[in-house]
Trainee: 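Before we start, here is the structure in question, set down as structure tokens.
For clarity, every value in this text was computed on a predicted model and none was experimentally measured. One-based numbering, in listed order, for ligands and for the atoms of each.
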Amino acid sequence: MAAFRTRVVRSIPALRDTVARWRRDGETVGLVPTMGALHEGHIELVRRSGAHCDRTVVSIFVNPTQFNPDEDLDRYPRQEEDDLKALSAAGADLAFIPAAGDIYPEGFATAVHVGRVTTGMEGTVRIGHFDGVATVVCKLFMQTGPDKAFFGEKDYQQLIAVQRMVRDLDMPLTVVPVPTVREADGLALSSRNAYLSPEQRRIAATLNRILRETARAIAGGRAIDAATAAARQALLDAGFDAVDYVECRAAADLAALETLDRPARLLATARLGPTRLLDNVPIDRPDRPAR
Ligand code: PAF
């Protein structure tokens, strides 16, 4: 029997035709939006979609509007052939790989802005980033029309922003959060890990350990300000070149927290050379143990 191969479409009409055919057959559709350079974290999203929906579409599009001018758009890894092999092995039905001109045609002048939950953290460090994300994700939702869309918890602020957009704009789909996939030493999988030298890779693993220790300390009653300041220092001591932020926010809506009066999330970004590493962990209330 021939091995399963993910079909590739590159145009919006071809994507819509395929999804319309599935819909006529009564099938449900899951969407996994990606920028390619797929790793096990993305493949887990594809697996989740396969478990929830009859059909899975994976979009691969390195979205220029979510990169700042000083960021890594040009050196962002592009490896379509390997991505398609991985998607075929994972059983994704369709890869949607549009050209930049199809997503942003000549004269493009519209942006989706999600307020409040995008302020601070990535929203401060990467000005305009979430407008780029919300705009392209909105377009991918309109183009595909999925029942469910799958987003990793690793980009936690992005996940909450997309959930907010879907609720605010009455988009008829469910956003399904998927837990972060990690290396054995705790490092969250990311396409940007490929940039790390062996020494940087060793330091990178301490990010998750320090976040988990800090989350435990906060759950155990340590003041949030003191705990996050200590975490910043611990990251610098571990060898990170800079720490963009370590923040404790409400898990549901990213409101700033002074005390642990509701389920929370500890989020951080730290830099090793030009590479920014993001991670976050849940903080359970003191009456429940931190995971
Ligand atoms: O998380 C990503 O890879 C991107 O931000 C996304 C959601 C595919 C939008 O370009």
Trainee: Determine, stepwise, if the pair V125 / T269 fulfils side-chain contact (heavy atoms from CB on, under 4.5 Å).
Mentor: CA-CA 10 Å; V125 181; T269 299; over 6 Å; no
Trainee: Please assess F108 against T135 for the test side-chain contact (heavy atoms from CB on, under 4.5 Å), listing each intermediate value before the final yes or no.
Mentor: CA-CA 11 Å; F108 188 86; T135 304; 3.9 Å; yes
Trainee: How about R78: does its CZ atom have over 12 heavy atoms from other parts shown lying under 6.0 Å from it?
Mentor: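 More than 12 within 6.0 Å, yes.
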Trainee: Would you say the side chain of S191 lies within less than 4.5 Å of the side chain of Q79, judging by non-hydrogen atoms?
Mentor: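 Q79 does not reach S191 side chain to side chain.
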Trainee: Is there a side-chain contact between R75 and R192 in this structure, where contact means two heavy atoms from C-beta onward sitting under 4.5 Å apart?
Mentor: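 R75 does not reach R192 side chain to side chain.
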Trainee: Checking contacts here: is it the side chain or the backbone of V162 that comes within 4.0 Å of ligand 1, counting heavy atoms only? Could be both or neither.
Mentor: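 Looking at V162 and ligand 1, no heavy atom falls under 4.0 Å.
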Trainee: Hey, which atoms in ligand 1 end up nearer than 4.0 Å to a heavy atom of M35?
Mentor: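 Those atoms are 3 (O), 4 (C), 8 (C), 10 (O).
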Trainee: Quick one: which ligand 1 atoms are inside 4.0 Å of a heavy atom on Q158?
Mentor: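 Atoms satisfying the 4.0 Å criterion: 1 (O), 2 (C), 4 (C), 5 (O), 7 (C).
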Trainee: Is there any N or O on Q66 that sits under 3.5 Å from an N or O of ligand 1?
Mentor: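 By distance alone, the answer is yes.
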Trainee: Would you mind listing which atoms of ligand 1 come within a distance below 4.0 Å of any non-hydrogen atom of T34?
Mentor: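 Those qualifying, in numeric order: 8 (C).
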Trainee: For ligand 1, which is the ligand I care about here, please tell me if N63 has any N or O atom under 3.5 Å from one of the ligand's N or O atoms.
Mentor: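 Among all N and O atoms of N63, none is under 3.5 Å from an N or O of ligand 1.
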Trainee: If the cut-off is 4.0 Å to any non-hydrogen atom of V136, which atoms of ligand 1 fall inside it?
Mentor: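 Taking each heavy atom of V136 in turn, ligand 1 has 9 (C), 10 (O) under 4.0 Å.
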Trainee: Going through the checks in order, is the side-chain contact (heavy atoms from CB on, under 4.5 Å) test met by L15 and T144?
Mentor: CA-CA 7 Å; L15 168 68; T144 311; 3.6 Å; yes
